[in-house]
Amino acid sequence: MEQIKNRFVIIDGSSLMYRAFFALPLLTTESGKYTNAIFGFAKMAVKILEELKPEYAAVAFDKSRHTFRSEIYKEYKGTREKTPDELSSQIPMLHEFTKALGIKLIEIDNYEADDIIGTLANKAAREGFETMVITGDRDILQLIQPNLQIVMTKKGITETEIMDETAFKEKYAGLSPKRLIDMKALMGDKSDNIPGVFGIGEKTALKLLTQYQTLDGIYEHINEITAKKLKEKLVTDKDNAYLSYKLATIVCDMPLDFIPTEYSITPDSHALKKICEEYALKSVWTSLNKISGIGEDTAVVMDEDADKYLVANKNMQQKVISQIQTNGYIAYLPVCTGKVPHITCHGLMIASSENNQAVNIFISEADLTSIAGILADKNITKITYDLKSSLHSGLTIAGKTIDTMLAAYMLDPSANEYNLENLSDKYLEREIASYDQKEAIPFGKTAYLLKSVPLKELADILLPLLQEKNLTNLYDNTELPLEKVLANMENIGVYINSEKLQNMSDEIGSTIETLLTDIYKLADIEFNVNSPKQLGEVLFDHLKLPVQKKTKTGYSTNADVLDALRPYHPIIEKILEYRMWSKLKSTYLDGMYNLIDADTQRIHTTFNQTVTATGRLSSSEPNLQNIPVRTDAGKKIRSLFEPAAGYDIFLSADYSQIELRILAHMSDDKNFVEAFKLDQDIHARTASEIFDVPLSDVTADLRRHAKAINFGLVYGKSDYGLAQELNIPRKEAATYIKNYFTKYEGVKKCLDKIVTDAHEDGYTTTLFGRRRYLPGIKSKNFNIRNQNERMAMNTPIQGTAADIIKMAMIATWQEIKKQNLKSRILLQVHDELVIEAVNEEIDILKSILINTMQNIVKLSVPLTIDINTGKNWAEAK
DNA sequence: TACCGGCGG
DNA sequence: TCCTCCCGCCGGTAT
C-alpha cells in the first residue's frame, strides 16, 4: 500500500460509529444483522486509507460507553426509529473490521475515546509526526496545533472538512483552538451535560472572548463589563463556568505512549473479503480493490438484479465502447464532486445492456481516458442529464447532445424538481431504487448514484413529447446551446474587491451598533430588532403605536407599515435604517464574502436553467441577479464588482422596456405600437393618453402614476393594488385602469384572449412556444382562479422576454468566440448582460451587442438596448 | 421547516 | 394550491 511517510491518523471510532448509525437508514444483511454503523464506519476508514495514505493509524473507542448513550437516543428518537440494541449489536463488527484492516484498536477502561485521542495526538504531533484526527465531534478541535489537523465529517459521513489552525481561526473569529474550551465553559453543551453560564449563547461567548481572550480574563475584568444583565449572569454562574471548563477539557496526559511501530498498518485481504461478504459490504470491497495491496484487481458485479451495475475492468470497457459505437449513442451520467470551478469527475455511470438486460457500468476516474474518445466523437449522440454539470467536469463533449433534465423542464416548467427518480416515476412509470447502490459508488455525488440510469428510455419518451408540443425548436436552438454559455459564465465567475468589501462590512457593522444603542434607548428596552415578533411587541404593545396590518402569525412590521408609522415615533426611522444596513451587511457583504473562491478570488454563481415557471434563469449561491442598485447604499455594493487584472472595464447592455414592447407586439395595439415605433417616452405617452393631457403637459407625478399602471398591467394588478402603491383612493385607481383599457383597447383584447385561451387549453405560451400549465385556472375558488389568470397574463410577457435574451446570449457568446475576443460575458440579469471587457474591444463589442440583442428577433416594434460602461458594475449602469 | 422581510427584474 | 402584483433567492427568527 502506498503511504505518506510520518503521517499518523487517529480515527475517532465512537464518533464515526454514531454518525454512521444516524446518517444512514438501517441496513440489514440477509441473516437480519444490522449493518448501517459498520457500513458507514468501514466506508470512512477505507476513504481515509485511500485519500490520506497514512503510514501509521489507530482507532479509538470508548470502552465505558459501549451501551448506547440514552441522551443521544432521546435526541433522535423523534425522527429516527432506531434502538440502542441496533447500534450495540454492530460494535463487534466494527472491531473485527478494524483488525482486518490492520489498524490498532485502542480502548482503555475509564477513559473516553476523546482522551485517548488527545493524549496520542498531542504526543505524536510534538514528536514531529503529521498527525490527523478523523472525527465528527467539534470538541476535538481544541487539540489543533502545529502538525495536528482535524478532519471533520460533515453532513452524512463521507464528506469531510480539514481544519488546521488557520482554518479554525477563520471560522471562529480569530480565536485560537484552545479557546474552544473557554467557549464551551460559557455556552455549555446540552448533549454533554455541560451547564455553562445560563443565558449565554455562541454570539455573546465569542464577543466576550474576543475582548478578554480567556475565561480567566473575563472574570479578572468582570467589573469592566458594562452590560448589567450580562455581568449578573456571569457572576451568578461563575462556579458552573469553571466546572464546565474542566468538563470540556480533553485529557491529554493519560498514561499512554506513542510508539510508532505499534501503529503500522497491516491489512489482511482475506479477512477483509470475508467480512465484506458476510456483512454485505460490497461497495466497501469495491473501494478496497482500488487500494493497491488490498483486494483483487477484477471487475466487481454489484448486484444480480436486472438493475445492476458493474465497475468496469479493461475488458468490459472495450466491450462497452464497441457497443456504444454500434448504437451510435452513449447514455451517461457523470459522478462528480466539488464546486465550480474545481469540479472533479470520479467516473461515469453508463447505461448499457448485456444479454438484452439493462446494465449500468461505472467507469472510474482512473479509466476515464478510455471513454474520452467516445465523448469527443462528433458522430456519437450523448444522452445525459444536466449537461451543464458534464461541461464543468472537464470532459470534452462533442456531437449531438440530449439533456433529459432540460427536456423535462420544458415539458412542465412548474415542477418542483427534475431528479431522475421523479422523471422515471412520471414518464417511465417505474421507480428507481437508489439507496444501497448510491452508497456503493465510492464517495460519489450521492444525489445521482442510482440503481439505474434510464436515460435512453427517458429520451425516447421526452423528445417525441417535445415535438408534440412544438417545443423542439426552442429546446434545440435555445435551451440546449445555452447550457454551454452558462457553464462558461459560471466557470469564469466575477471578480469582487474583497478588501473593499471587508472594509465596508466593518464600517456598516459599527453603523449598526450605533443604531442599535439608539433603538434600545428610544424603546427603553433591549430586544432583537431582527425578530419581527419581538419588534412587533415593542412597537405595538410596549410603545402602543397604532397597529397597521397583521400577518398570519402576529403584527406586520414590514417597510410599508413602518413607513406609515414614521410620524408617531422617532424609533421608526432608526429601525428602517437598521433594517437597510443589516440587510446589506448580512446578505450582500458577509454572505458574498463567504462565497469568494479562494483560488480564483472570484464569485462563481450558479445559473439555474430549470427553476422558474416562466422560462427565466435564476441565480444562486450567491444570487447575483438581485444585487442592490436602487439606493445609493446599494450602489456601493454593486461598485465592488470590478474587472479583474487583465481587463479594463465593465460593459452592461440592457433591453429598454422589453416587456412592454413585447406586449405591444402581441397586442398589436395601435397606440402602443406607435409609441415604440416613434421611440417615445412610453410612460409619458401613457400619462397623456389616460389623463387626457397633451404630451407636453405631463407632470412628473402623472408620469409616475402612468408608469405604475404600465408595470402593474403586466402583472394583472387590481385597482386595490394600484391604490395601495400610489396611495390613492381605490375608486380613483379603478378609474385609471378603466381609462387605460379604453385608450389601449388592443391591450385589453390581447390580455382577455390570453386568459380565455388559458382556460380552454389549460396552459399558456410565449411567443416562441414555451408552455406553462395552469392547473388552477378552472378552480372554483375565486382566489386561486384569479391568481392563475394573472399568471396567464404575465407568463407570455415575462417568458417571451426570457426567450429573447436567451437567444441573444447565445448569439453574443458565439460571436465573441468567433472573433476571438478577450472580453467575456459574466452575468445575465433578466434583461441585462454584463461583460468584462478590454478597452480595445469596446467598439466591436457594442456593435456585436446591438446586432445580436436588437436583431435576434423581429417584432412589430423595435427592440432597443442601452449600453453603458464603467470602472465597476455600478458605473456601468 | 415555516414564516417574515427585503433585494432584484 | 388560499384575499387583491408576476418571477426569483436569501438571511434571520421561532418552532
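Side chain of Met791(A), nearest nucleotide from dG8(C), dG12(C), dC6(C): dC6(C). With dG5(B), dC10(C), dT15(C) as the candidates, the nucleotide lying closest to the side chain of Lys533(A) is dT15(C). Listed nucleotides dC4(B), dC6(C), dC5(C) differ in distance to Pro532(A); the shortest reach to its side chain belongs to dC4(B). In the set dG6(B), dC6(C), dT1(C), dT1(C) carries the atom at the smallest distance from any side-chain atom of Ile784(A). Of all nucleotides listed (dG8(B), dC5(C), dG8(C)), dG8(B) comes nearest to the side chain of Val629(A). Among the nucleotides dC10(C), dG9(B), dC9(C), the one closest to the side chain of Glu621(A) is dC10(C). In this structure, of dT15(C), dC6(C), dC3(C), it is dC6(C) that holds the atom nearest to the side chain of Arg790(A). Across dC10(C), dG5(B), dA14(C), the shortest atom-to-atom separation from the side chain of Ser531(A) is found for dA14(C). Across dC4(B), dG8(C), dG8(B), the shortest atom-to-atom separation from the side chain of Pro628(A) is found for dG8(B). Of all nucleotides listed (dG12(C), dC9(C), dC7(B)), dC7(B) comes nearest to the side chain of Tyr588(A).
Atom C1' of nucleotide dC7(B) and atom NE2 of His830(A) are separated by 11 Å, given to the nearest angstrom. dC7(B) atom P lies 12 Å from atom CH2 of Trp581(A), rounded to whole Å. Going from atom CG of Leu595(A) over to atom C1' of dC10(C) covers 11 Å, rounded to whole Å. At whole-Å resolution of the value, CD in Gln724(A) and P in dC5(C) are 9 Å apart. Atom NZ of Lys550(A) is separated from atom P of dC4(B) by 13 Å (rounded to the nearest Å). Atom CG of Leu584(A) is separated from atom C1' of dC10(C) by 13 Å (rounded to the nearest Å). Leu660(A) places its CG atom 17 Å from the P atom of dC6(C), with the value rounded to the nearest Å. Atom P of nucleotide dG9(B) and atom CZ of Phe711(A) are separated by 10 Å, given to the nearest angstrom.
Note that CZ of Phe650(A) is 10.5 Å distant from CD1 of Ile835(A), once rounded to the nearest 0.5 Å.
For Gln787(A) against dC2(C), no side-chain N or O and base N or O form a donor-acceptor pair under 3.5 Å. Counting atom types as modelled, Asn781(A) pairs a side-chain N or O with a base atom of dC2(C) as donor and acceptor under 3.5 Å. Between the side chain of Asn626(A) and the base of dC7(B), a donor-acceptor pair under 3.5 Å is found. Judged by atom type and distance alone, Gln798(A) reaches the base of dC6(C) through a side-chain donor-acceptor pair under 3.5 Å.
Within 4.0 Å of Arg630(A), counting heavy atoms only, lies at least one base atom of the nucleic acid. In this structure, Ser582(A) reaches neither bases nor backbone, as no heavy-atom distance under 4.0 Å exists between it and the strands shown. The residue Thr557(A) sits close only to the backbone: its heavy atoms come under 4.0 Å of sugar-phosphate atoms, none of a base. Within 4.0 Å of Gly776(A), counting heavy atoms only, lies at least one base atom of the nucleic acid. Here Asp590(A) lies out of heavy-atom contact (under 4.0 Å) with every strand. Within 4.0 Å (heavy atoms only), Arg772(A) reaches sugar-phosphate atoms of the nucleic acid but no base atom. Counting non-hydrogen atoms under 4.0 angstrom, Ala613(A) reaches the backbone sugars and phosphates but no base. If you check every strand for non-hydrogen atoms under 4.0 Å, Ala801(A) touches nothing.
Counting heavy-atom neighbours within 6.0 Å of Asn594(A) CG, excluding the residue itself, gives a total above 12.
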Exercise for the section: With side-chain contact (heavy atoms from CB on, under 4.5 Å) as the test, would you mind laying out the steps for Asn623(A) and Thr605(A) before giving the verdict? Expected result: CA-CA 7 Å; Asn623(A) 180 356; Thr605(A) 185; over 6 Å; no
Problem - side-chain contact (heavy atoms from CB on, under 4.5 Å) between His705(A) and Ile728(A), worked out - result: CA-CA 10 Å; His705(A) 285 209; Ile728(A) 54 173; 4.0 Å; yes
Practice task
Take Asp752(A) and Lys749(A), measure what salt bridge (Lys or Arg N to Asp or Glu O under 4.0 Å) needs, and give me the verdict at the end.
Solution key: CA-CA 5 Å; Asp752(A) 285 348; Lys749(A) 256 194 199 153; over 6 Å; no
Exercise for the section: Test Asp803(A) against Lys806(A) for salt bridge (Lys or Arg N to Asp or Glu O under 4.0 Å), laying out the working first. Expected result: CA-CA 5 Å; Asp803(A) 296 343; Lys806(A) 280 177 170 177; 5.7 Å; no
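Pairing each heavy atom of Ser498(A) with each of Ile596(A), the nearest pair is CB-CD1, 3.7 Å.
Comparing the same atom, C1', in dT4(C) and in dT1(B) gives a spacing of 28 Å after rounding to whole Å. Taking atom P on both dC4(B) and dC3(C), the two are 10 Å apart, rounded to the nearest angstrom. Atom P of dC10(C) sits at a distance of 25 Å from the matching atom of dT15(C), rounded to the whole Å. Across the P atoms, dC9(C) and dC5(C) are found 22 Å apart, a figure rounded to whole Å. Separation of the P atoms belonging to dG6(B) and dT1(C) is 28 Å when rounded to the nearest angstrom.
Between Ser779(A) and dT1(C), a side-chain N or O to OP1/OP2 separation shorter than 4.0 Å is absent. Between Arg579(A) and dG6(B), a side-chain N or O to OP1/OP2 separation shorter than 4.0 Å is present. For Thr587(A), no side-chain nitrogen or oxygen approaches OP1 or OP2 of dG6(B) to under 4.0 Å. Within the 4.0 Å cut-off from OP1 or OP2 of dA14(C), at least one side-chain nitrogen or oxygen of Gln534(A) is found. One finds no side-chain N or O of Asn783(A) lying less than 4.0 angstrom from the OP1 or OP2 phosphate oxygen of dT4(C). In this model, the phosphate group of dC3(B) is not approached by any side-chain N or O of Thr553(A) to a distance below 4.0 Å at OP1 or OP2.
Between the Gln609(A) side chain and the Glu479(A) main chain, a donor and an acceptor come within less than 3.5 Å of each other. Formation of a donor-acceptor pair under 3.5 Å by the Lys574(A) side chain with backbone atoms of Leu516(A) is not found in this model.
Both Asn794(A) and Asn788(A) lie near DNA chain C, and the one whose nearest nucleotide falls closer to the 5' end is Asn788(A). Ranked by how close their nearest DNA chain C nucleotide is to the 5' end, Pro413(A) and Asn528(A) are led by Pro413(A).
With its ring centre under 5.5 Å from that of the base six-membered ring and a plane angle below 30°, Tyr720(A) counts as stacked on dT4(C).
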